[in-house]
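From a predicted model like this one, the values you see are computed outputs, not experimental measurements.
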Amino acid sequence: MATCIGMVVRLGTLNVLKPVSRHFTRQGSKLFTPSRSTHEVRSSLYEHVREGYSDKPDLDMRLVCEETDKVIANVETRKGDLRGADVREIVCVWQQLEAVRKEISQLEKQKKVISHRVRALVDQNDKKALANIPEFKEATKEGREIRHRLSQLYPRESELEEEHYGRALRLPNTTHPDVPIGDESQARVVELVGQKPEFDFKPRGHLEIGEELGLIRQRRLAHVSGHRSYYLRGAGARLQSALQNFALATLQQWGFIPMVVPDMLKGAVFEGCGMQPHAHRSQVYSLDPTCFPDLNLAGTGEVGIAGYFMDHAVNWKDLPVRSVCSSTCYRAETDTGRETWGLYRVHHFNKVEMFGVTADETGEESSQMLEEFLSLQKEIFSSLELHYRVLDMPTQELGRPAHRKYDIEAWMPGRDSYGEISSGSNCTDYQSRRLNILYEGEDGSLHYAHTVNATACAIPRTIIAILETHQTKEGTVLVPRALQPFLELEMQCLLCQAYHSGEATQGSSCPLPGSTSTLDLLSEEAPNTAVMPAFLSLMLGNGLE
């Protein structure tokens, strides 16, 4: 799937991944002396490059310099501390760096010419006579002056380069022209799907339902795992597994390649994805640097998959690449005043993530993939019989990497509001330019790929929507039809327990394989539901008191 340029190693039909940085260097791979950063935010990506692991990020500075006013206007509409004056400073530093690089290049050429001239004089003349030859004396003097000037320029280049990346890596992506301008309140509703559930009782919240049925434990955990943690138990744990397997099975039917990704990654990968592992009030957990230097816990599977493609090129015939992973995500959630209870905003959760790598031949490939990912998200949530809306998110909600972003918010009756359960972003070449993710064109040339990511299923929030949407007056929860095959084994076992314990309805028989009939608790008439309250009371009522 992904290959290096220069040598392709194949094992059967699998292309072995090899780094491309040594084969494709845009600005050279010279190691340089570290200098003190002039920018207060540490850049893990710059440090990663400085240590020789990767090529320097190839930021599109032509756009920044030639269309500075347009870039400033874009920055001003985004959330963050970057402002127009910062953009002009970025341009100023870049121009200084380019001037130094140009002078270095010219001097290196002159040094090479002088070196050839001196070598020719040495070959043509007696060594004792060289000191009396004016041309030799002039050449050696000029060579010394060039070397002295270079000894001044190389440290200056390193200083300017560090300052450049410390500033320019903070720039956001460009913005799609149709994206609304402003904060979250300006989000545009693209589509409403399904109907709000109607109840003849006051709907309860997911935490109340989950605690009563023994699915969720969140109380009395401060001394165990701290705030914003939780346990899923019994059917709650099985529901998580079912949702993961349902989402993975759905996506694999559409050609997605399943992956298992690391939970811990270097800060350079986070920064290359547009995140800030070392910024103040960061959402990223960093491990103890004395034991694990520069390792951080991923808040999304996107980081792990992006790291897989870092410093690699994808074969043309393999494009587009669609990957999916299920991983545990860790988020610091430093804004502790919001959603302090329940599963909506927690420190750890499981999530199924889609990630795509596309070509950039027409400029529309990644936009088309974002629409494709959105249609798959809708298929998943419609199959779970949820009412939701699709939002085209405004500029202040895009973060740094997104060119365009869609959010999906499900109706959560217990909260009496919509809540975000998924998002999808087209990052164009923002991540690939920082992480050196390329593709090989039909003619063998290398180009920066585009990347797209989207949440297929964030488990806790999907559980919230399912429990609150499909709750019954009796205090139980109906299982969506699409999810039933992934709970089938547990359903059979628990139905059998219900029969033999005497909790089954009158006239029912044991539902073991080979039995002549099934329990009346499975209702064929009920649309899009198959489990009646008595069954779910047994299935979900196995929790901690």
Show your reasoning for whether side-chain contact (heavy atoms from CB on, under 4.5 Å) applies to Phe349 and Thr328. CA-CA 6 Å; Phe349 59 95; Thr328 303; over 6 Å; no

When you look at Val284 and Gln276, which way does the side-chain contact (heavy atoms from CB on, under 4.5 Å) test go after all the steps? CA-CA 8 Å; Val284 178; Gln276 303 175 69; over 6 Å; no

Could you tell me which non-hydrogen atom of [X] sits nearest to which non-hydrogen atom of [Y], and how far apart they are?
X	Y	value
Gly272	Leu435	CA-CD2, 3.6 Å
Ala449	Ser432	O-OG, 2.6 Å
Met393	Leu398	O-CD2, 3.8 Å
Ala235	Leu215	C-CG, 4.5 Å
Pro480	Ser383	CB-O, 4.1 Å
Leu319	Val357	CD2-O, 3.7 Å

To the nearest 0.5 Å, what is the distance between [atom1] on [X] and [atom2] on [Y]?
X	Y	atom1	atom2	result
Leu251	Glu353	CG	CD	10.5 Å
Cys457	Leu243	SG	CG	4.5 Å
Leu467	Arg204	CG	CZ	10.0 Å
Leu295	Leu297	CG	CG	8.5 Å
Lys405	Thr395	NZ	OG1	12.0 Å
Ile421	Glu409	CD1	CD	9.0 Å

Is the charged tip of Arg219 near the ring of Trp341: under 6.0 Å from the six-membered ring centre and within 45° of its axis?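 Here Arg219 passes the 6.0 Å and 45° test against Trp341.
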
Cationic tip of Arg217 above Tyr230 ring, under 6.0 Å, 45° of axis: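 Because its charged atom misses either the 6.0 Å distance or the 45° angle limit, Arg217 does not stack over Tyr230.
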
Between [X] and [Y], does any side-chain N to carboxylate O distance fall below 4.0 Å?
X	Y	value
Arg170	Asp81	yes
Arg481	Glu385	no
Arg415	Glu468	no
Arg404	Asp392	yes

Whether the side chain of [X] engages the backbone of [Y] through a donor-acceptor N/O pair (distance < 3.5 Å, no angle test) should be reported.
X	Y	result
Ser375	Glu372	yes
Thr250	Phe246	yes
Arg233	Ile216	no
Glu365	Gly363	yes
Asn245	Ser241	yes
Glu76	Arg83	no
Arg331	Gly299	yes

What orientation do [X] and [Y] show, parallel under 30°, tilted 30 to 60°, or perpendicular over 60°?
X	Y	value
Tyr388	Phe381	perpendicular
Tyr418	His387	tilted
Tyr165	Tyr46	tilted

Close side-chain approach of [X] and [Y], heavy atoms under 4.5 Å:
X	Y	answer
Gln471	Pro203	yes
Val390	Val189	no
Leu171	Arg400	no
Pro172	Asn74	yes
Ile463	Leu239	yes
Thr174	Val71	no
Asn436	Ser54	no
Phe309	Val321	yes

Under 6.0 Å between ring centres, would you say that holds for [X] and [Y]?
X	Y	result
Phe355	Phe256	no
Tyr430	His450	no
Tyr285	Tyr330	no

Under 3.5 Å, is there a donor-acceptor pair linking the side chains of [X] and [Y]?
X	Y	result
Tyr448	Asp58	yes
Thr428	Asn173	yes
Glu302	Gln431	yes
Ser286	Asn296	yes
Thr300	Lys351	yes
Gln218	Tyr231	no

Heavy atoms from other residues, nucleotides or ligands near CZ of Phe199 exceed 12 (cutoff 6.0 Å):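 Yes, because the 6.0 Å sphere around CZ of Phe199 holds more than 12 heavy atoms from other groups.
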
Output, in order, the C-alpha distance, side-chain angles, deciding distance and verdict of side chain to side chain donor-acceptor pair (under 3.5 Å) for Thr455 and Gln377. CA-CA 8 Å; Thr455 303; Gln377 290 172 314; 5.4 Å; no

Among His447, Glu361, His312, side-chain hydrogen bond (donor to acceptor under 3.5 Å, both in side chains) partner for Tyr439: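 The side-chain hydrogen bond (donor to acceptor under 3.5 Å, both in side chains) with Tyr439 is passed solely by Glu361 among His447, Glu361, His312.
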
For Glu420, give me all partners under salt bridge (Lys or Arg N to Asp or Glu O under 4.0 Å), at least two apart in sequence or on another chain.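 Salt bridge (Lys or Arg N to Asp or Glu O under 4.0 Å) list for Glu420, sorted by chain: empty.
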
For Arg389 and Glu191, run salt bridge (charged side-chain N to carboxylate O under 4.0 Å, His left out): C-alpha distance rounded to whole Å, both residues' side-chain angles, the deciding distance at 0.1 Å, then the answer. CA-CA 6 Å; Arg389 63 185 184 183; Glu191 185 178 3; over 6 Å; no

